[in-house]
Amino acid sequence: MSDRWGRLAPLTGVLFGVLVVVAVFTNSSETPKASASAAKVAAYYTEHRSEVETSGILFALAFLVLVLFAGALRSYLRRTAAAEGLGALVLAGAVLMAAGAIAAIGIEYGLAHNLHNLSNETAKTLNFVSTELFLPVLAGAFLFGVCSGLAILRGAALPKWLGWVAIVIGIAVLVPPASFPALLAFVIWSIVVAILMYLRSGGSAGATSTSAAEPA
């Protein structure tokens with residue numbers, strides 16, 4: 001069972017990407033900005049209650065899966081001595097992203113689910129808090145991107161261009177106009193890396209052992 005998990009663990013990166021895509025399509029409306037009026041916030045969560053709740057659950061699951069993917073990536077990076085310490089920072093970045101995202105999502109979910117018990121001003125305050133809690137997500141993405149990129153450039157068994165892309169993504173998330181596109185690029189990067197990790201380690205190993213077990 002542990003060997004099977006070891007082979008499949010990298011594919012959590014693909015699952016992360018799928019969950020994010022489904023969550024985005026579940027609620028494609030734009031969440032009110034931190035500066036939005038109390039009336040606008042109340043109207044938004046009243047109109048999009050079910051979408052916010054469903055999307056929130058999917059996003060929460062996605063970021064939990066991201067931590068699992070980061071753990072698999074850390075194990076993969078540890079195969080290269082020069083990248084071992086950076087792997088721990090990659091996992092720390094994922095945990096920071098998940099903590100910030102799930103906290104923000106929890107507030108949005110609670111706001112949508114319990115709006116009838118809240119005043120408009122309270123709803124506005126909670127919307128402001130959930131918006132600002134997005135900052136840890138960006139900080140975690142910076143840590144994840146830069147450290148994984150450096151680890152790849154130091155010799156991890158992944159294409160060097162993925163290392164440079166990861167570093168660019170990590171830096172771009174801290175630049176407000178580029179933050180959202182950079183996060184989308186992060187999702188795509190995770191899927192690509194997950195597939196390559198699976199093919200170069202677990203998947204190929206599984207295929208080799210299966211072939212060896214077959215009679216000539």
Side-chain angles (χ1 to χ4, degrees), residues 12-14 16-21 23-24 27-36 55-56 58-74 76-77 82-108 125-156 158-194 196-197:
T12 51
V14 177
F16 163 67
V18 171
L19 286 170
V20 169
V21 171
V24 169
N27 182 24
S28 57
S29 58
E30 185 178 356
T31 304
K33 297 180 180 180
S35 59
S55 177
L58 291 171
F59 269 121
L61 289 174
F63 280 96
L64 288 176
V65 171
L66 175 63
V67 176
L68 296 179
F69 171 61
L73 180 56
R74 180 193 180 190
Y76 189 84
L77 296 176
E84 184 173 354
L86 289 167
L89 292 175
V90 169
L91 180 57
V95 171
L96 183 56
M97 289 181 71
I102 292 174
I105 290 165
I107 292 175
E108 288 188 1
T125 301
L126 290 174
N127 180 70
F128 174 83
V129 173
S130 68
T131 302
E132 295 305 314
L133 277 174
F134 198 66
L135 293 177
V137 178
L138 301 181
F142 168 79
L143 194 61
F144 190 117
V146 171
C147 292
S148 58
L150 291 175
I152 293 171
L153 294 180
R154 286 190 177 187
L158 288 168
K160 299 295 184 190
W161 65 267
L162 280 172
W164 290 113
V165 170
I167 292 173
V168 171
I169 290 173
I171 295 173
V173 294
L174 299 182
V175 182
S179 295
F180 184 70
L183 288 175
L184 291 179
F186 174 80
V187 173
I188 297 172
W189 182 91
S190 297
I191 293 173
V192 173
V193 170
L196 288 177
M197 286 168 55

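Hydrogens, waters and symmetry mates play no part in the numbers below; they use all other heavy atoms, side chains included.
L133 places none of its side-chain heavy atoms less than 4.5 Å from the side chain of F128. Using a 4.5 Å cut-off on side-chain heavy atoms (C-beta onward), W164 and I152 make no contact. You'll find the side chain of V165 stays beyond 4.5 Å of the side chain of V192, heavy atoms only. The shortest side-chain heavy-atom distance between V90 and L143 does not fall under the 4.5 Å cut-off. Taking 4.5 Å as the limit, some side-chain heavy atom of L196 sits within range of a side-chain heavy atom of P159. Looking at heavy atoms from C-beta onward, L96 lies out of side-chain contact with F142 at the 4.5 angstrom threshold. Looking at heavy atoms from C-beta onward, F69 lies in side-chain contact with M197 at the 4.5 angstrom threshold. No side-chain heavy atom of F59 sits under 4.5 Å from any side-chain heavy atom of E108.
Considering all non-hydrogen atoms of both residues, I105 and G56 come closest at CG2-O, 3.2 Å. In terms of heavy atoms, L77 sits closest to A156 at CD2-CB, 3.5 Å. The two residues A166 and S148 come nearest to each other via the heavy atoms CB-OG, 3.8 Å. Nearest heavy atom pair, residue A172 against residue A182, reads CB-CB, 3.8 Å. Pairing each heavy atom of I167 with each of G149, the nearest pair is CG1-CA, 3.8 Å. Here the closest heavy-atom approach between residue L64 and residue I102 is recorded as CD2-CD1, 3.8 Å.
By the side chain to side chain donor-acceptor pair (under 3.5 Å) test, S29 is found to be paired with N27, Y44, residues two or more places apart in sequence or in another chain being considered. For L86, the side chain to side chain contact (heavy atoms under 4.5 Å, CB included) criterion is met by L89, C147, L150, A151, R154, not counting sequence neighbours. With sequence neighbours excluded, the residues that form a side chain to side chain contact (heavy atoms under 4.5 Å, CB included) with L19 are L15, L58, L61, A62, V65. Judged as a side chain to side chain contact (heavy atoms under 4.5 Å, CB included), and not counting sequence neighbours, the contacts of L184 are F180. V14 meets the side chain to side chain contact (heavy atoms under 4.5 Å, CB included) test with L11, V18, I191, A194, I195; sequence neighbours excluded. Residues forming a ring pair (Phe, Tyr, Trp, His ring centres under 6.0 Å) with F16 (at least two apart in sequence, or on another chain): none.
Remark: L153 CG to W161 CH2 distance equals 12.5 Å, nearest 0.5 Å. To the nearest 0.5 Å, atom OG1 of residue T12 and atom CG of residue L66 are 8.5 Å apart. To the nearest 0.5 Å, the span separating CG on N127 from NZ on K33 amounts to 12.0 Å.
S179 places a side-chain N or O within 3.5 Å of a backbone atom of V173 that can act as its donor or acceptor partner.
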